[in-house]
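The sequence lines fix the lettering, A, B, ..., with proteins before strands; numbering per chain opens at 1. For clarity, every value in this text was computed on a predicted model and none was experimentally measured.
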Protein chains: 2
Amino acid sequence: MRIAKPLMDPNLIPYFKAAVSVDNVVFGFDQSGLKVLLIYRGADPYRNCWALPGDLISLDTDLSSSAEKVLQDLTGLDKIYMEQIHTFGKVDRHPFGRVFTVAYFALIKIEDYNIHPSSWAEEAAWFPISEIPDLPFDHNEILLFAKDQLKTKIRRQPIGFELLPKYFTLTELQKLYESILETEFDVRNFRKKILSMDFITDTGLKQSSVTHRPAKLFKYNAKKYSKISSSDFAFDL
Amino acid sequence: MRIAKPLMDPNLIPYFKAAVSVDNVVFGFDQSGLKVLLIYRGADPYRNCWALPGDLISLDTDLSSSAEKVLQDLTGLDKIYMEQIHTFGKVDRHPFGRVFTVAYFALIKIEDYNIHPSSWAEEAAWFPISEIPDLPFDHNEILLFAKDQLKTKIRRQPIGFELLPKYFTLTELQKLYESILETEFDVRNFRKKILSMDFITDTGLKQSSVTHRPAKLFKYNAKKYSKISSSDFAFDL
DNA sequence: GGCATTATTGTATATTTTACAATATATTCG
DNA sequence: CGAATATATTGTAAAATATACAATAATGCC
């Protein structure tokens with residue numbers, strides 16, 4: 001039995017209303033480690049501060065679409081890996097009034113990224129995860145949440161590849177896991193484990209233009225993974 | 001460097017506004033299995049339908065407090081284990097206008113529960129997890145989300161105890177894990193594992209008034225657990 | 001050819017997981 | 001009281017997985 005929608009005046013909810021925004025924690029990774037994309041705010045409040053990229057939601061846009069749009073405007077990238085983290089709704093979190101914000105984290109391939117100017121962002125830049133400045137609103141708290149979520153998530157699902165170029169070396173992959181999990185792995189054990197999980201493939205290619213033994217290049221094998229239930233994957237090295 | 005709050009007119013955000021609600025997925029457990037608490041709506045829309053207990057948020061209440069309040073009004077219980085799951089924000093999810101809802105899941109000891117009438121709930125009842133009716137709004141989707149979250153969570157953190165009485169038998173504990181994870185465990189292996197994790201204690205007491213060999217009663221030992229990092233706990237039997 | 005630099009690989013041991021069934025303790029009933 | 005009924009409790013061997021640990025290989029450069 002489907003419940004039919006009542007046909008009533010889809011007017012206003014007779015109740016208090018608030019603004020709703022989305023804020024994105026955008027992670028990137030390069031040889032110097034894990035980074036977060038911050039924007040230099042061009043609008044009040046907190047104009048001229050570094051902050052998480054976010055925007056108020058317009059009433060005709062779905063929540064998830066809003067988050068995607070913010071990121072697409074900012075990076076010009078499409079099909080970005082995003083996930084909702086948490087919603088923050090303290091009464092006084094915004095100086096202009098009641099604003100709920102829904103936080104997302106996103107993983108992007110840093111080399112694909114190009115700054116696109118936008119209405120609310122004068123500038124954007126990557127900050128190493130260990131050198132995040134004080135941020136306005138509750139953005140530092142949100143960032144902490146995102147960092148933690150990423151840590152939990154990467155141990156259970158092969159999402160790290162979203163941060164790497166199409167072809168990557170095992171050393172790069174290991175550095176990525178080490179940056180996110182803030183730990184170090186034994187080279188042999190790491191390789192044994194990651195290869196046994198069977199979702200990366202040796203492309204047969206090798207690094208070029210390096211001044212030492214070139215490493216094999218691997219690629220992520222999404223198809224193989226999709227057959228595996230998420231509970232079977234655990235990176236507990 | 002702390003960023004000072006700008007002293008501006010904390011008036012209205014010059015933007016679209018929406019209502020925000022919280023919806024709770026309240027889990028309970030007894031010998032017949034895992035259950036969810038639904039209310040019979042006494043208010044429009046969807047008056048006279050079974051639905052998740054939830055309410056619109058008033059502007060002077062923090063998000064998390066709102067979720068707690070809904071549950072306290074409904075159950076009369078205090079200090080309930082709650083966790084935010086996800087925020088749902090499709091444009092047309094509410095027939096009266098744009099309403100975002102933040103979903104929480106809560107775990108309560110079913111024996112402590114007493115129905116308290118409330119403004120929006122004429123009645124409340126426990127539904128077995130496998131016999132949930134069609135619900136209004138996107139409540140079935142929310143419920144699915146909550147079920148999945150509970151499954152993930154219980155494998156990583158000892159939250160199952162929130163659903164059990166203070167003293168419980170190992171058989172009850174096993175049935176709880178089996179209900180939530182929708183699987184079955186070998187009795188010996190289950191006991192070995194759960195006991196090795198060292199957060200339940202034999203009280204020395206035994207079941208009484210049973211018509212067979214009485215089981216030992218155990219209790220949850222929160223202190224022991226608090227020393228352990230959450231990543232060390234994994235119920236991968 | 002030798003040096004510098006990073007990549008690659010295997011094995012033995014310890015730990016954890018899995019599979020599997022006989023015995024114990026209580027109540028009830030005849 | 002003994003037998004029947006019902007659930008609780010416990011151990012061990014084999015398999016799988018995780019851990020600790022260091023020597024050799026391949027490239028560019030001088």
Side-chain angles (χ1 to χ4, degrees), chain A residues 30-33 154-156 158 164-165 167-179 181 183-219 228-229 231-237, chain B residues 30-33 154-156 158 164-165 167-179 181 183-219 228-229 231-237:
Chain A
D30 64 18
Q31 71 277 22
S32 79
I154 202 173
R155 290 165 56 104
R156 303 289 147 200
L164 291 176
Y167 299 133
F168 51 86
T169 70
L170 291 179
T171 302
E172 286 165 351
L173 187 60
Q174 180 170 353
K175 291 264 176 283
L176 171 64
Y177 275 83
E178 289 179 342
S179 296
L181 294 172
T183 181
E184 288 184 9
F185 299 119
D186 174 84
V187 184
R188 281 161 293 189
N189 294 342
F190 178 85
R191 286 168 183 233
K192 246 181 299 183
K193 176 127 192 178
I194 207 88
L195 288 171
S196 79
M197 289 189 297
D198 206 39
F199 50 75
I200 61 178
T201 313
D202 187 341
T203 61
L205 303 172
K206 287 190 178 179
Q207 267 183 325
S208 57
S209 331
V210 288
T211 173
H212 54 74
R213 176 173 178 176
K216 292 181 189 174
L217 292 172
F218 287 79
K219 65 176 180 182
I228 303 171
S229 115
S231 60
D232 291 329
F233 176 92
F235 206 88
D236 287 326
L237 207 68
Chain B
D30 65 17
Q31 70 278 21
S32 78
I154 202 174
R155 290 165 56 104
R156 304 289 148 200
L164 291 175
Y167 300 132
F168 52 85
T169 70
L170 292 181
T171 301
E172 286 164 352
L173 187 61
Q174 181 170 352
K175 291 266 177 280
L176 172 64
Y177 274 84
E178 289 178 341
S179 298
L181 294 173
T183 182
E184 288 184 9
F185 299 119
D186 174 85
V187 185
R188 283 160 291 188
N189 293 342
F190 178 87
R191 286 167 183 234
K192 246 180 300 180
K193 175 125 190 178
I194 206 89
L195 289 170
S196 78
M197 289 190 296
D198 206 39
F199 53 72
I200 63 177
T201 313
D202 187 341
T203 61
L205 303 172
K206 287 189 178 179
Q207 266 183 325
S208 58
S209 333
V210 287
T211 174
H212 53 74
R213 176 173 178 177
K216 293 182 189 173
L217 291 171
F218 288 78
K219 65 176 181 182
I228 302 174
S229 114
S231 60
D232 291 330
F233 176 92
F235 205 89
D236 287 327
L237 206 69

| Could you go step by step and tell me if A:Met197 and A:Lys192 meet the side chain to side chain contact (heavy atoms under 4.5 Å, CB included) rule? | CA-CA 9 Å; A:Met197 289 189 297; A:Lys192 246 181 299 183; over 6 Å; no
Tell me the interatomic distance from [X], atom [atom1], to [N], atom [atom2], rounded to whole angstroms.
X	N	atom1	atom2	result
B:Phe185	C:dC20	CZ	C1'	17 Å
B:Leu217	D:dA8	CG	C1'	12 Å
B:Ile194	C:dT17	CD1	P	12 Å
B:Met197	C:dT15	CE	P	19 Å
B:Leu195	D:dA8	CG	C1'	13 Å
B:Lys216	D:dT9	NZ	P	6 Å
B:Gln207	C:dT27	CD	C1'	12 Å

I'd like to check the side chain to side chain donor-acceptor pair (under 3.5 Å) partners of [X]; sequence neighbours left out, ordered by chain and number.
X	value
B:Gln174	B:Glu178
B:Ser208	none
A:Ser32	A:Asp30, A:Lys35

I'd like a table of atom pairs between the protein and nucleotides 28-30 of chain D - only N or O on both sides, under 3.5 Å - with the distance next to each one.
none

Check: Is there a donor-acceptor contact under 3.5 Å from the side chain of A:Thr203 to the main chain of A:Leu205?
Finding: yes
With 3.5 Å as the limit, what N/O pairs link the protein to nucleotides 10-14 of chain C?
residue : atom : partner  : partner atom : Å
C:dT11  : O4   : A:Lys192 : NZ           : 2.7

Can you pull every protein N or O that's under 3.5 Å from an N or O on nucleotides 14-16 of chain D?
none

request  = Look at the side-chain N and O atoms of A:Lys193 and state whether any lies under 4.0 Å from the OP1 or OP2 oxygen of D:dA18.
outcome  = yes
Closer than 4.0 Å, any side-chain N/O of A:Arg191 to the OP1 or OP2 of C:dT8?
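So the side-chain polar atoms of A:Arg191 do come within 4.0 Å of the phosphate oxygens OP1 or OP2 of C:dT8, strictly under.
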With sequence neighbours left out, the residues meeting side chain to side chain contact (heavy atoms under 4.5 Å, CB included) with B:Thr169 are B:Thr171, B:Glu172, B:Gln207, B:Ala215, B:Leu217
- Query: Between A:Val187 and B:Val187, which is nearer to the 5' end of DNA chain C once each is assigned its nearest nucleotide?
  - Reply: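 Closest to the 5' end, via its nearest nucleotide, is A:Val187.
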Residue pairs meeting salt bridge (charged side-chain N to carboxylate O under 4.0 Å, His left out), one or both in residues 199-213 of chain B, sequence neighbours left out, come to B:Asp202-B:Lys216
Please list residues of residues 169-177 of chain A whose heavy atoms come under 4.0 Å from any atom in DNA chain C, ordered by number; otherwise none.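 Listed by number, they are A:Thr171.
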Ignoring hydrogens and geometry beyond distance, is the side chain of B:Arg213 in donor-acceptor contact with the base of D:dA8 at under 3.5 Å? yes
Could you state the interatomic distance from CD1 (A:Ile154) to CG (A:Leu176), rounded to the nearest 0.5 Å?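 Interatomic distance, A:Ile154 CD1 to A:Leu176 CG, rounded to 0.5 Å: 5.0 Å.
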B:Phe218 meets the ring pair (Phe, Tyr, Trp, His ring centres under 6.0 Å) criterion, sequence neighbours left out, with none
Original post:
A:Asp186 and A:Arg188: which non-hydrogen atoms are nearest, and at how many Å?
Top reply: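 That would be OD2-N, 3.0 Å.
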Closest non-hydrogen atoms of B:Gly33 and B:Ser179, given as atom of the first, atom of the second and distance, are CA-OG, 4.1 Å
